[in-house]
Amino acid sequence: MNDALKEIARKYAVSEEKISQILAGMKVKDVQKPSKPQLEGFEKVCTLLKEGKPMEQALATILDEAKNGKPERAPQTNGSAAHSKSPQTELSEVKLDEFILAQGDRAADVTLASLPDIAFEEQQRLKALFVQRYRQRIMERLQDPEYRQQFAAAIEGEDMGKLALLNNTTSNFALPSSSSSSS
């Protein structure tokens, strides 16, 4: 790449990636020997980028200037607040608006397409949370000395109808009876 291009890019803090985009957008064929108008156009794009203009708008500005043979300037108004735009500028703004709206539609479509996946992931997360809490609660209850005592009593068949089991509810059947009825 030409040293003059590098110096201009350095002056405006333009990254190498953007340099390539600018040169491609300007259709500069020989980056080792750009013409004086190409160097001026490159610097103009760098200036516009530094001012916060989007890349496409900056490139469109210098390409318009190249076609028209003169720099695009703000219209002169004699203290008037009126601002007239050229049809070409208005057309560029309409294209930009259409592009932005299309990008918004695409982003919304991507979000909508991912909703089933998001719902499935949330369902999986909730199931895992349930299982984790279920196991944790069982482990807590099994560590409770009172519960262990009641469990041992139930196993031994002691007064099973009056034992407070899980969640402090009474049950007439805690565990299957060791005596089975044969029919």
Side-chain angles (χ1 to χ4, degrees), residues 1-35 37-75 81-143 166-167 169:
M1 182 183 324
N2 180 289
D3 288 335
L5 289 172
K6 288 180 185 178
E7 185 57 37
I8 293 168
R10 190 174 15 258
K11 178 179 173 183
Y12 293 97
V14 174
S15 69
E16 286 203 31
E17 180 182 320
K18 284 189 178 181
I19 294 171
S20 299
Q21 291 175 353
I22 295 168
L23 295 173
M26 292 176 59
K27 297 180 172 76
V28 175
K29 291 186 174 43
D30 187 0
V31 296
Q32 296 301 325
K33 296 180 183 177
S35 67
Q38 288 174 330
L39 286 171
E40 290 170 356
F42 181 79
E43 186 162 13
K44 174 88 176 198
V45 171
C46 291
T47 303
L48 292 171
L49 290 175
K50 188 163 186 152
E51 291 173 359
K53 300 274 191 244
M55 176 76 72
E56 290 181 21
Q57 188 177 355
L59 287 170
T61 300
I62 64 119
L63 292 175
D64 286 345
E65 288 175 6
K67 287 178 189 174
N68 297 332
K70 59 184 174 191
E72 189 177 284
R73 295 179 187 203
H83 180 72
S84 63
K85 295 180 181 178
S86 71
Q88 196 166 16
T89 302
E90 288 178 10
L91 181 61
S92 294
E93 288 177 6
V94 169
K95 286 181 181 179
L96 178 62
D97 290 351
E98 289 172 0
F99 174 77
I100 296 297
L101 291 172
Q103 294 306 310
D105 287 346
R106 280 193 207 132
D109 290 344
V110 167
T111 299
L112 290 171
S114 67
L115 283 179
D117 292 336
I118 292 169
F120 178 75
E121 289 170 7
E122 183 65 7
Q123 182 183 27
Q124 295 303 100
R125 185 188 72 79
L126 291 173
K127 283 180 183 179
L129 183 63
F130 171 83
V131 170
Q132 177 187 8
R133 182 63 181 154
Y134 174 82
R135 289 178 176 165
Q136 181 183 3
R137 180 71 175 159
I138 288 176
M139 292 304 297
E140 287 171 359
R141 293 294 297 198
L142 289 174
Q143 298 303 315
L166 293 176
N167 293 329
T169 61

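In what follows, every heavy atom counts, from backbone to side chain, and hydrogens, waters and symmetry copies are set aside.
- At least one side-chain heavy atom of I8 sits under 4.5 Å from a side-chain heavy atom of L39.
- Summarising the geometry of P116 relative to L112, their closest heavy-atom pair is CD-O, 3.7 Å, with the distance given to 0.1 Å.
- Comment: E122 engages R125 in a salt bridge, judged by a side-chain N to carboxylate O separation of less than 4.0 angstrom.
- At a threshold of 4.5 Å between non-hydrogen side-chain atoms, the residues L48 and Q57 do not count as touching.
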Salt bridge (charged side-chain N to carboxylate O under 4.0 Å, His left out) between E98 and K95: does it pass, once the steps are laid out? CA-CA 5 Å; E98 289 172 0; K95 286 181 181 179; over 6 Å; no

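- Separation of atoms CG (L23) and CG (D30) is listed at 10.5 Å; rounding is to 0.5 Å.
- At distances below 3.5 Å, not a single donor-acceptor pair connects side-chain atoms of S114 with backbone N or O atoms of D117.
- Between M26 atom CE and Q21 atom CD the span is 14.0 Å, to the nearest 0.5 Å.
- Listed by chain and residue number, nothing satisfies the side-chain contact (heavy atoms from CB on, under 4.5 Å) test with L101 (two or more places apart in sequence, or in another chain).
- Taking CG of L129 as the start and OH of Y134 as the end, the distance is 15.0 Å to the nearest 0.5 Å.
- A donor-acceptor pair is defined here as one N or O able to donate and one able to accept, closer than 3.5 Å; such a pair exists between the side chain of Q38 and the backbone of S35.
- In this structure, CD in E40 is found 11.0 Å from CD1 in I62, a value given to the nearest 0.5 Å.
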L49 and M55: side chain to side chain contact (heavy atoms under 4.5 Å, CB included), yes or no, with the steps? CA-CA 7 Å; L49 290 175; M55 176 76 72; 4.0 Å; yes

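- The shortest distance between side-chain heavy atoms of L5 and I19 does not fall below 4.5 Å.
- Every side-chain contact (heavy atoms from CB on, under 4.5 Å) that Q136 has, sequence neighbours left out, goes to R133, E140.
- Open room surrounds CD on E17; 12 or fewer heavy atoms of other groups in view lie less than 6.0 Å from it.
- With rounding to the nearest 0.5 angstrom, the CG atom of L142 is 6.5 Å from the CE atom of M139.
- Distance check: L63 CG to K27 NZ gives 6.5 Å after rounding to the nearest 0.5 Å.
- For T47, the side-chain contact (heavy atoms from CB on, under 4.5 Å) partners two or more places apart in sequence, or in a different chain, are Y12, E43, E51.
- Of the charged side-chain nitrogens involved, at least one lies within less than 4.0 Å of a carboxylate oxygen, so that E65 and K44 count as a salt-bridged pair.
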